[in-house]
J.: 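Have a look at this one.
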Amino acid sequence: MLPFKLVYHEGYDLNLGAHVFPSKKYRMIRDRVLADGFAEPDDFVAPEPAADEELLLVHQRGWITRLKNGTLDYLELLKLEVPYSQKMVEAFWLAAGGTTLAARLALESGVGFNIGGGFHHAFPGHGEGFCAINDVAVAIRKLQGENKVGRAMVVDCDVHDGNGTAAIFATDASVFTLSIHQLNNYPSIKPPSNIDIELDDGVGDEEYLAALSDELENAMREFRPDLVMYVAGADPYREDQLGGLALTKEGLKSRDRLVFESAREIGAPVVVTLAGGYAIRVEDTVEIHANTAKVAAEVVGK
Ligand SMILES: [Zn+2]
């Protein structure tokens, strides 16, 4: 039995068919952690889709309505970069429900792990880069509204800048945003986070970990979040098709450990969401995400 639950739903699969975003990865991660004996069926819990009212804590009503009704215009669809389907829409509602559930579980057991979510390119009134609903922002606002969380920190380690999240919380002093990403990569316009760590092309394990640890430990000590939202993208991996950094699988495990341990030092629970991962071999993406759960279990079990 794991020391925390894994939040998962079959409906997480966006059913994109042949697309660079391997949305079958969610099911593959579930299968993998079961097959290798890390998790048992009882370790999983399924979320409900988020309610529209919860999404409205972050998103504009028009965006939610157009998404649900399938009335996005041509430019909106172009920016989103995923084919429209009812399944796709349901998957985003489920991911938001899943991240909120993971956040509730984190407050109970120290870690909440969503095998999904991390859609950090979603803005209040539009989606882009495969992200329609900003599940991380929805979960924060929902728990803040219930007075379960005061200050939250987003630690976004996806190779791409967390532009949507940065924009959503730009004037919200209760949420601290940190994004460590490749500078010369999507999105071209990067709204400022509280801390942006901008990396040159080809940065490897050592340089990445040094840059992250300095900023992260200071930020945690100064801001003292009640909850840490860890956006654990697998795409800083050296063989990623949409990333230009050079981290190894071991380096990514060290990154995970750094985030979990620095949160633990100040007693802050951590919510994991997966975000991107486009390795040439989808099995590598799956392994990197599964490793994040394993490192979490090691740190929590200490
Ligand atoms: Zn990414």
Side-chain angles (χ1 to χ4, degrees), residues 12-14 16 19-26 28-29 79-82 88 91-92 95-96 99 114-123 126-137 154-168 177-191 193 195-205 208 211-212 229-249 251-253 255-256 259 271-292:
Y12 280 180
D13 192 334
L14 294 126
L16 302 180
H19 191 282
V20 68
F21 180 24
S23 67
K24 63 180 179 183
K25 75 177 181 179
Y26 305 121
M28 292 176 73
I29 294 162
K79 256 181 138 31
L80 195 53
E81 293 187 82
V82 290
M88 177 274 278
F92 283 115
T99 298
N114 190 9
I115 304 184
F119 295 112
H120 60 162
H121 302 311
F123 285 73
H126 78 273
E128 56 179 76
F130 322 148
C131 302
I133 296 292
N134 197 309
D135 54 291
V136 170
V154 181
V155 178
D156 189 331
C157 295
D158 190 274
V159 79
H160 305 102
D161 173 51
N163 56 343
T165 315
I168 288 164
T177 53
L178 181 155
S179 179
I180 178 167
H181 50 263
Q182 183 190 4
L183 178 60
N184 296 317
N185 202 328
Y186 172 89
S188 53
I189 297 168
K190 300 176 175 66
S193 307
I195 294 179
D196 284 297
I197 306 171
E198 304 191 310
L199 302 171
D200 292 331
D201 301 356
V203 160
D205 294 344
Y208 184 101
L212 180 60
M229 307 295 291
Y230 177 29
V231 180
D235 47 13
Y237 180 50
R238 64 202 305 176
E239 288 175 34
D240 196 90
Q241 300 171 86
L242 301 186
L245 298 183
L247 273 71
T248 65
K249 288 178 186 170
L252 287 160
K253 279 165 78 173
R255 174 197 74 172
D256 295 338
V259 175
V271 183
V272 179
T273 58
L274 299 188
Y278 316 92
I280 297 160
R281 298 175 60 248
V282 66
E283 292 78 10
D284 289 336
T285 295
V286 168
E287 182 183 348
I288 290 163
H289 287 313
N291 284 344
T292 302

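As the structure lists them, so they are numbered: ligands from 1, and atoms in each ligand from 1.
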J.: Using the ring-ring contact (aromatic ring centres under 6.0 Å, His included) criterion, which residues pair with His160? Sequence neighbours excluded.
T.: none

J.: Any N/O/S atom, backbone or side chain, of His120 lying under 2.8 Å from the Zn ion (ligand 1)?
T.: no

J.: Would Lys249 and Asp284 count as a salt bridge (charged side-chain N to carboxylate O under 4.0 Å, His left out) here? Give the steps.
T.: CA-CA 9 Å; Lys249 288 178 186 170; Asp284 289 336; 2.8 Å; yes

J.: Which N, O or S atom name in His160 marks its closest approach to the Zn ion (ligand 1)?
T.: ND1

J.: For Phe119 and Phe92, I'd like to know if the aromatic rings sit close, meaning centre-to-centre distance below 6.0 Å.
T.: yes

J.: Which angle, to 10 degrees, forms at the Zn ion (ligand 1) with OD2 of Asp235 on one side and OD2 of Asp158 on the other?
T.: 80°

J.: Using only heavy-atom distances, determine whether the side chains of Lys79 and His126 contain a donor-acceptor pair under 3.5 Å.
T.: no

